[in-house]
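Everything numeric here is computed off the predicted structure, so don't read it as measured data. Just follow the structure's listing: the first ligand is 1, and inside any ligand the first atom is 1. What's counted below: heavy atoms across the whole structure, side chains too, no hydrogens, waters or symmetry copies.
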Amino acid sequence: MSRLPLPVGITEDDLAAHLDAFSIETPSWGYADTGTRFGKFLQDAAATTIEEKFADAGHVHRLTGCCPSVAVHVRWDFPFTPEGALAGDVASLAASARAAAAAHGVRIGSINPNLFEDQCYKLGSVCNEDPDVRRRALDHLLTSVRLGAAAGSDLLSLWFADGTNYPGQGHLRRRAAWMREALARTHAAMPPRMSMLVEYKPFEPAFYHTDIADWGMAASFARAAGPRARVLVDTGHHLPGCNIEHLVAFLLDEGLLGGFHFNDRKYADDDLTMGSIDPYQLFRIFAEITSFRRERPAAPPVAYMIDQSHNIKPKVEAMIQTVATAQEHVLKSLLIDHAAADRARARGDVVMAEKAWRDAFAADVRPWLAEYRVRRGLPADPLRAHRDDGYEARAAAARGPKKRHAGRPGGYA
Ligand code: PSV
Ligand code: MN
């Protein structure tokens, strides 16, 4: 077994047990063609149907062993009429999605309503001045609750694009009241086993104000919504310089951290792959979570989810790379010698306290992780295994002609 710098009191079995319990949800939209507002680059192998997305997710789970659930985005994964109504009945659509997921060895995880694409939402959804639009938005939320419940999801993950572009455009406090009302009514409609996650974002698509702009607002809205609502931290949704691990620690302490949308960024909500730009930040986030859980093992679990847009990397490769990065950084965070840091703090030794963090981050955990995987019957290097398997080429051969036939833009005509 490769040696790791284990802190006193932590064994390799502890690390393995921690990893056994670790899972991270992949998003259906991470397997599909995506782009920026300047355009989309299509990939032959990228999934278009919900079945193809589950097939990709199942493949990632088979290779990594830690991605058993898939987030679905209601408008992107289920059929809707042009008027915004679900095209079919909830029970049968949910049953067939559930069966399709199971056929590929995964299950439906969080359900994500979509209140940002319909034309009627130009000036907001649940915070729109127009009561008809607010009603339609609430209907969509309630439909998503029923769809999620029937599909076996126990997590309703909410993000609202609501906001304004100009001062004076909206009555900020009135909009907040509408948001509170919509969240409370949605919470009241959830079955008991379902929880709600409230995601925040400082800007984009709205550029003056966003109705849930930061973690403090999300926490307040979640508290007002009901006991099963907590905050979702999307790592790309902060203004530059924000200390994300600090707010993570604070929310954990308050019992309000519900989950993550992991991704990385250089400038704004860039949706780059996790740890690609600032792996030390990722490590520091996991450090707060793993140290909290050591102290409070009975605290409610935090849902780890990926929210990335793989615009230029092959989708499945990007996902496998992301999952391996997540495992590596969880593992590194478990190597922090908290006792040494505590002793250093007690004597005001800043350098040695920081060193406990830096040493753990610097450890190369990859050889140990490879052996761990092999002991679990998984490939030592899932990315290599994926390339050797030829999955990408098979998917491209099966899916590419279909796309070209559909007459897509960008060379697909
Ligand atoms: C919005 O930027 C967001 O982070 C929300 O979570 C959406 O559901 C997701 O991106 C769509 O990719
Ligand atoms: Mn997100």
Side-chain angles (χ1 to χ4, degrees), residues 24-37 40 46-47 50 53 57 69-78 108-118 121 124-127 137 140-141 144 147-148 153 155-163 179 183 186 196-207 209-215 217-218 221-222 229-239 242 244 247-248 251 257-274 282 285 302-311 313 315 318-319 322 326:
I24 188 161
E25 180 164 304
T26 70
S28 67
W29 56 96
Y31 300 107
D33 281 315
T34 48
T36 67
R37 67 182 188 276
K40 237 189 214 186
I50 192 169
K53 294 170 190 175
S69 66
V70 186
V72 291
H73 224 291
V74 173
R75 292 297 297 264
W76 300 337
D77 292 323
F78 293 90
I108 293 179
S110 62
I111 183 132
N112 293 252
N114 183 318
L115 294 166
F116 49 88
E117 283 183 324
D118 281 357
Y121 297 138
S125 65
V126 296
C127 299
H140 180 75
L141 288 169
S144 301
L147 192 59
S153 164
L155 212 48
L156 180 74
S157 192
L158 302 179
W159 175 70
F160 299 90
D162 288 58
M179 176 63 77
L183 292 179
T186 306
M196 173 188 283
L197 296 177
V198 181
E199 182 173 356
Y200 56 91
K201 183 172 180 176
F203 71 93
E204 195 203 24
F207 292 109
H209 107 285
T210 297
D211 286 287
I212 310 182
D214 66 20
W215 63 275
M217 292 184 207
F221 281 125
R230 292 187 292 155
V231 177
L232 185 148
V233 175
D234 182 313
T235 49
H237 292 187
H238 303 90
L239 295 175
C242 176
I244 300 177
L247 67 90
V248 163
L251 288 171
L257 183 69
F260 281 92
H261 270 178
F262 283 113
N263 49 60
D264 210 341
R265 62 87 167 276
K266 175 74 179 141
Y267 301 105
D269 188 21
D270 306 337
D271 279 341
L272 301 177
T273 45
M274 193 175 179
L282 182 58
I285 290 171
V302 172
Y304 296 127
M305 298 175 282
I306 296 165
D307 181 6
Q308 294 176 173
S309 201
H310 305 131
N311 297 343
K313 283 180 177 173
K315 321 288 172 184
M319 208 67 92
T322 298

*Give, for atom CE of Met217 and atom CE of Met179, the distance between the pair rounded to the nearest 0.5 Å.*
11.0 Å
_The single option from Leu147, Ile108, Asn112 passing side chain to side chain contact (heavy atoms under 4.5 Å, CB included) against Val72_ = Ile108
_Protein contact of atom 10 (O) of ligand 1 - nearest heavy atom, named by residue and atom, plus distance_ = Asp307 OD2, 3.1 Å
*Does the ring-ring contact (aromatic ring centres under 6.0 Å, His included) test come out yes or no for Phe160 and His140, once each step is laid out?*
CA-CA 12 Å; Phe160 299 90; His140 180 75; over 10 Å; no
_Among the N, O or S atoms of His261, the one nearest the Mn ion (ligand 2)_ = ND1
_With a heavy-atom distance limit of 4.0 Å, tell me whether Asp271 approaches ligand 1 through its side chain, its backbone, both, or neither._
neither
*Atom of Glu199 closest to the Mn ion (ligand 2), considering N, O or S atoms*: OE2
*Heavy-atom nearest option to atom 11 (C) of ligand 1, drawn from Trp159, Trp76, Tyr200*: Trp76
*asked:* Just to confirm my output: which protein heavy-atom neighbour is closest to atom 8 (O) of ligand 1, and how far is it?
replied: His73 NE2, 2.9 Å
*atom 2 (O) of ligand 1: nearest protein contact (heavy atom, Å)*: Lys201 NZ, 2.9 Å
*So which of the N, O or S atoms of Asp307 lies nearest the Mn ion (ligand 2)?*
OD2
*If we ignore angles and hydrogens, is there a donor and acceptor under 3.5 Å between the side chains of Asp77 and Trp29?*
no
*For the student: nearest non-hydrogen atoms of Lys315 and Tyr31, plus distance*: CG-O, 3.7 Å
*Any N or O on Asp234 sitting closer than 3.5 Å to an N or O of ligand 1?*
yes
_Spacing of CG belonging to Asp234 relative to CG belonging to Asn263, to within rounding of 0.5 Å_ = 4.5 Å
*Are side-chain N/O atoms of Ser69 and Glu25 paired as donor and acceptor at under 3.5 Å?*
yes
*Answer with yes or no whether Phe160 contacts ligand 1, where contact means a heavy atom under 4.0 Å from a ligand atom.*
no
*Is His237 close to ligand 1, meaning an N/O of one under 3.5 Å from an N/O of the other?*
yes
*Name, closest N/O/S atom of Asp234 to the Mn ion (ligand 2)*: OD2
*Of the side chain and backbone of His261, name the one, both, or neither that has a heavy atom under 4.0 Å from an atom of ligand 1.*
side chain
